[in-house]
Amino acid sequence: MGISHQFFILYLVMSCSLVLGEEGGVLCKTPQYAEYGKTELINCEFEREFYAVYWYNSTNVATDLPILTLDASGKSGPGIVSREFDVHQNGSLVINEVTLEHDHSFTVIYVKTMASPIEVNVLVIVTKKPTTPHPSIDKCGQESRVCYAEIYEGSDVTCSVLNVRPSIDLYWVVRSATGDRNISSNTAVSDGPRFFSSQVTISKPFNQSHILQLLICKAVDLYELLEDDESVILVENRRINMSAIEPMAKLAFYSSKFSLQCVESDLSNIVWKRKMSDGEFHNVAVSFANEEIVGEEFKDSFEIGGQHSLVISDVKMEHEGLYACIYSGDRLEGTHTFEVSVAVLPEPRYPLVDGCDSQYCTKRTGTEGSLTCGIKGIRPKISLLWKVRYLESSPKINFKNQKQTAIISNDGYTYDVALTSEYTITDVSHRRLTIECVVVEKEFESLEMWTIVDLLFQNGTSVTPTAVTLQPTKSSLTWMVVFIIPFILAICAVSYFVYRKKKLRNANTVVRQSDLEKQETDQQELEPDLQETEPFYHEIMPEDPYTETDGRQSNYEMEKLKELRKRLQEAPSLDDICQVPVFFITFLGITGEIDTMPKFYSVTTMFKYFISRFFDHKRSEISNQENQSDLLIESDHRKLDRFAFQGLLRHASKRTEIMWNKEDACKEIGEALYQECVDLGILVEAEGLYDDQLEVRFCNKLICDWYAAHYFSYRVSTYGREDAKKYIGVDPCEHHYFHRFSCGLHLAASEEVKKYFKKQPDGVGDRLVILYDLEETGNLDNTKQALKDLFKDFKFVEIRQEDSKLFRMSTLQLCEIAHSLEISIPPLWITECFIDVDIQNGYIKLKNGLTLKLEIFKEVRIEEEKKALTEQKVCQVLELATKSETLEKIVFWRSLVPESLQENKDLLALLQEAQVKVQWLSKPGELYDLNFQTGHWEMYGGQEVTEEKYAQEVNGFRATGHYNQ
């Protein structure tokens, strides 16, 4: 640089003003940070047009020369020559490679014009990121920010940040659901020749602590040198003898998804372990502080699921073994162990009986002989047992010499089990006995399987023992659906038919099915008047309980009905069948065996129970009259099955009544079977349009569903999936029992039904599948879990007018099942669906013939925005509410209700006694409570709704057009 230029710069220095920030179009932030070893820009914002910019490597501009200059001639200076510095075109300084020598203040002189030079000092702080982008915990290793470790008494835990500049302070905290708590520690900062290192150590931090402790190493990172300023370690600080803890038995099904839940509460810290071949428990997975860690050797098989559960995505045989979980929270901690057994279900999922082709079978046999049943391809190894189905039959048969064999299947891990037993019938008075081959497995309910056999025998004959055939043949499959008739529906059919037939013919009227439908709704068809059963009782009971002069016996029968209904309501999904009183009164008149009646978990098994009792009675009756012991319909009803199924399809395609003329029906099923079905009441004759013509139909659509389901199950199991497409046209609302029966009769049919409904919109398929799974397996555990999963995220359950009837129907059915299983149900919202109240039968009528019971809900909201509810309907709803032991609150929502209920003093007293809260919301923000003392509505704070206030509500409804009585 020439002397003249030096004097010029000296002139500028003497003329400039020192600024530390922004002035005269100059903005240089200070301090600015430059990362060690990087190329960094010391940024200053100058106006676009300037005379020159001079950068100094110090603040002593009076004696030092600039390291670089930028002016009209370009950039120059020693910094440019040495390549240590450079200058941006906007005048900012560039440090090509930052070193510690750059950790000081720089000066820039900005010359916009010769008369106004500006001097600015910029402090540059050199930073150095640490070796790891987070605090390092010695027990975790350098690379892991989150880890789990077993640290016992006497061990230290150290957290550090190494080779950093400027230094970073560290400290330890214990984290829980209530927040962070500081813990004492020893801190050290080492000042190296160029960089700093910090560490903090805690000694014996686990005295009187939880078994799992969540420790956080926190960094005070003022210069944002770390990507994460926290590192986490979950510490197990106590040795636990896992082998001393009694394990809970769990069953995981092969090739399925399986999860182990440690505890139901959502605790913060969970550690999962597994006992390996070396006899030690190895860590499988850890879940804490929104972190999930799965060990490297377990990542292909295991994952963490909801509520910290351990999930096996695809169960294999190697997953069998002993697992343990350690859990800890603010107030709860402990350890559980689980003995996981891998199960393989056989196909079919029931014992195969030699000579039978389905789970429900009828065998002609002698009073002595042998029976063989078996299961092929099952795990774990189970035992089989022959026994009587009903306890009262125990003295009638003796089983002896039961011999069981179990061999390992070809796959190497499942078993083929067979059982042969000799038997002797000791009581042949009824010529019929129901027995079953059952799987004996005490630990796992899901392995409960059985096959029911009705023995029809002749006195004095015997049967030679036969060997078991574990695989059903294709020809035998044709008999799989032959043996079951719904007792309950048959009883209804007989009573209904006898009454209707006499009534129609005595009046010489011509009645078609369509005329009956005009007189009765679907629900009324399922609920015939109790008095209509009177003619039937004359035919089947030895003494008529109904007389002209004394009705006490009728009341007695009603008490028996209540007792039976209570028993059946213990089983989920069956209470809808209870709505036909004639089924159960008739059943009690025949059997009277409430105390010995088993619990039912599906409608299919319940039908089987009732049908055996019904046929016992009818066979005895026929035998006494005609010296005949057999019913045609017991041995073969395949033609009737096909007959019913074709009726459903014709009804679906043409929307016509399921009805035939008598001549066609006889051709389809045969005259003998036809006459027997009419005598039993399964088929009902009615006079047709012409005097010489009789029309015939099933006594009830439910019994039609039953036989049609047998045919569908047979077709699918025999001919496969293509045949399943034929059932799609069957109305799932009007004939929903068709689908449930199909699922209960055969696994192949169940799979096709579920596959079809899973494709339905609005999630209705997922709800129906819960019903179908229960029908298929009878497994309450799976049903409970499915319902819990369904309802857990629901704030309320809503029945809306715009939803499909199928969606509403399935929702209500699942609510009833959940209630019977004591599962909490969210509040129910009835939106634009309310029709009426049936006090006598105890339910609310909804649109499309659906009904619901208030007693299964804790809170119900009825919204009828376009209606004014009459005092009678409101009182009827409230009367139902008083009869519920569950209901706590009922709300009338955006409807117009009566101004007062003060005239209904008895009802108000019952509401007060039942402690049911009653509210009325006329519009958003206007919520009133019913005062049970006065019968008037009250605003918040206890102020009574005046006549003037109520008139305003009425006028508001009229103004919006919402005043439809």
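Heavy atoms only: backbone and side chains are in, while hydrogens, waters and symmetry mates are out.
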Q: Hey, are the side chains of Leu648 and Asp705 touching, using non-hydrogen atoms and a 4.5 Å cut-off?
A: yes

Q: A side-chain contact here means heavy atoms from C-beta on lying under 4.5 Å apart; do Trp937 and Glu953 qualify?
A: no

Q: Quick check for you: to the nearest 0.5 Å, what is the distance between Cys875 atom SG and Asp906 atom CG?
A: 11.0 Å

Q: Does Glu776 reach the side chain of Tyr772, with side-chain heavy atoms less than 4.5 Å apart?
A: no

Q: Is it true that, when you exclude Glu802 itself, more than 12 heavy atoms of the residues, nucleotides or ligands shown sit nearer than 6.0 Å to its CD?
A: yes

Q: Under 3.5 Å, is there a donor-acceptor pair between the Ser895 and Glu864 side chains?
A: no

Q: Is any side-chain N of the basic residue among Lys754 and Glu775 closer than 4.0 Å to the acidic one's carboxylate O?
A: no

Q: Where the side chain of Lys847 meets the backbone of Glu832, is there a donor-acceptor pair that is under 3.5 Å apart?
A: yes

Q: Should the heavy atoms of other residues, nucleotides or ligands under 6.0 Å from NZ of Lys905 be counted, would the total exceed 12?
A: no

Q: So Trp893 and Trp829, would you call those rings parallel, tilted or perpendicular, with 30° and 60° as cut-offs?
A: parallel

Q: Taking only Lys NZ, Arg NE, NH1 and NH2, and the carboxylate oxygens of Asp or Glu, determine whether Arg861 and Glu863 approach each other closer than 4.0 Å.
A: yes

Q: Checking side chain to side chain contact (heavy atoms under 4.5 Å, CB included) for the pair Arg740/Gln813: CA distance, chi angles, key distance, verdict?
A: CA-CA 12 Å; Arg740 292 178 66 177; Gln813 287 179 332; 3.9 Å; yes

Q: Hey, could you give me the CD1/OH distance between Ile682 and Tyr707, rounded to the nearest 0.5 Å?
A: 3.5 Å

Q: Looking at Ser884 and Ala881, would you say the former's side chain and the latter's main chain have a donor-acceptor pair under 3.5 Å?
A: no

Q: With Tyr711, which of Phe645, Phe643, Phe738, Phe741 fulfils ring-ring contact (aromatic ring centres under 6.0 Å, His included)?
A: Phe645

Q: Could you tell me the separation between the OG atom of Ser750 and the NZ atom of Lys755, rounded to the nearest 0.5 Å?
A: 11.0 Å

Q: Go through the steps to decide whether Ile817 and Ile770 satisfy the test side chain to side chain contact (heavy atoms under 4.5 Å, CB included), and finish with yes or no.
A: CA-CA 10 Å; Ile817 296 176; Ile770 297 176; 5.9 Å; no

Q: What are the two closest non-hydrogen atoms of Ala749 and Ser742, and how far apart are they?
A: CB-O, 3.6 Å

Q: Do you know the tightest heavy-atom contact between Leu880 and Asp838?
A: CD2-O, 4.4 Å

Q: Do the non-hydrogen side-chain atoms of Phe834 and Leu852 ever get within less than 4.5 Å of each other?
A: no

Q: Are Trp920 and Leu927 close enough that some pair of their side-chain heavy atoms sits under 4.5 Å apart?
A: no

Q: Where do Asp789 and Lys792 come nearest, in terms of heavy atoms and distance?
A: O-CG, 3.5 Å

Q: For Asp803, which of Gln801, Lys805, Arg800 qualifies under side-chain hydrogen bond (donor to acceptor under 3.5 Å, both in side chains)?
A: Arg800

Q: Tell me, with the steps shown, if Leu768 and Leu806 meet side chain to side chain contact (heavy atoms under 4.5 Å, CB included).
A: CA-CA 9 Å; Leu768 288 171; Leu806 183 62; 3.9 Å; yes

Q: Looking only at non-hydrogen atoms, find the nearest pair between Ala708 and Ala644 and report the distance.
A: N-CB, 3.7 Å

Q: Any heavy-atom pair between the side chains of Phe791 and Pro826 that's under 4.5 Å?
A: yes

Q: Looking at Gln872, I'd like to know if its CD atom is crowded, meaning that more than 12 non-hydrogen atoms belonging to other residues, nucleotides or ligands lie closer than 6.0 Å.
A: no

Q: Are the side chains of Glu871 and Asn904 in touch, meaning some heavy atoms are under 4.5 Å apart?
A: yes

Q: Apply ring pair (Phe, Tyr, Trp, His ring centres under 6.0 Å) to His739 and Phe757, showing your working.
A: CA-CA 10 Å; His739 303 98; Phe757 280 105; 5.0 Å; yes

Q: Spell out, as yes or no, whether a donor-acceptor pair under 3.5 Å connects the side chain of Lys795 to the backbone of Pro827.
A: no

Q: Run through Leu869, Leu921, Val860 and flag the one making a side chain to side chain contact (heavy atoms under 4.5 Å, CB included) with Phe892.
A: Leu869

Q: When rounded to the nearest 0.5 angstrom, what distance separates CD1 in Ile839 from CD in Glu879?
A: 4.0 Å

Q: Rounded at 0.5 Å granularity, tell me how far OG in Ser824 sits from NZ in Lys858.
A: 5.5 Å

Q: Report yes if some heavy atom in the side chain of Leu814 is under 4.5 Å from a heavy atom in the side chain of Leu771; otherwise report no.
A: yes

Q: Measuring from atom NE2 of His936 to atom CD of Glu947, what distance do you get when rounded to the nearest 0.5 angstrom?
A: 8.5 Å

Q: Search all heavy atoms of Ile799 against all heavy atoms of Leu846 and return the closest pair with its distance.
A: CG2-CD1, 4.3 Å

Q: Should we say atom NZ of Lys883 is surrounded by more than 12 heavy atoms from elsewhere, each under 6.0 Å from it?
A: yes

Q: Cys815 and Val797: which non-hydrogen atoms are nearest, and at how many Å?
A: SG-CG1, 4.2 Å

Q: Does Leu930 form a side chain to side chain contact (heavy atoms under 4.5 Å, CB included) with Leu908? I'd like the steps, not just the answer.
A: CA-CA 9 Å; Leu930 181 62; Leu908 293 172; 4.0 Å; yes

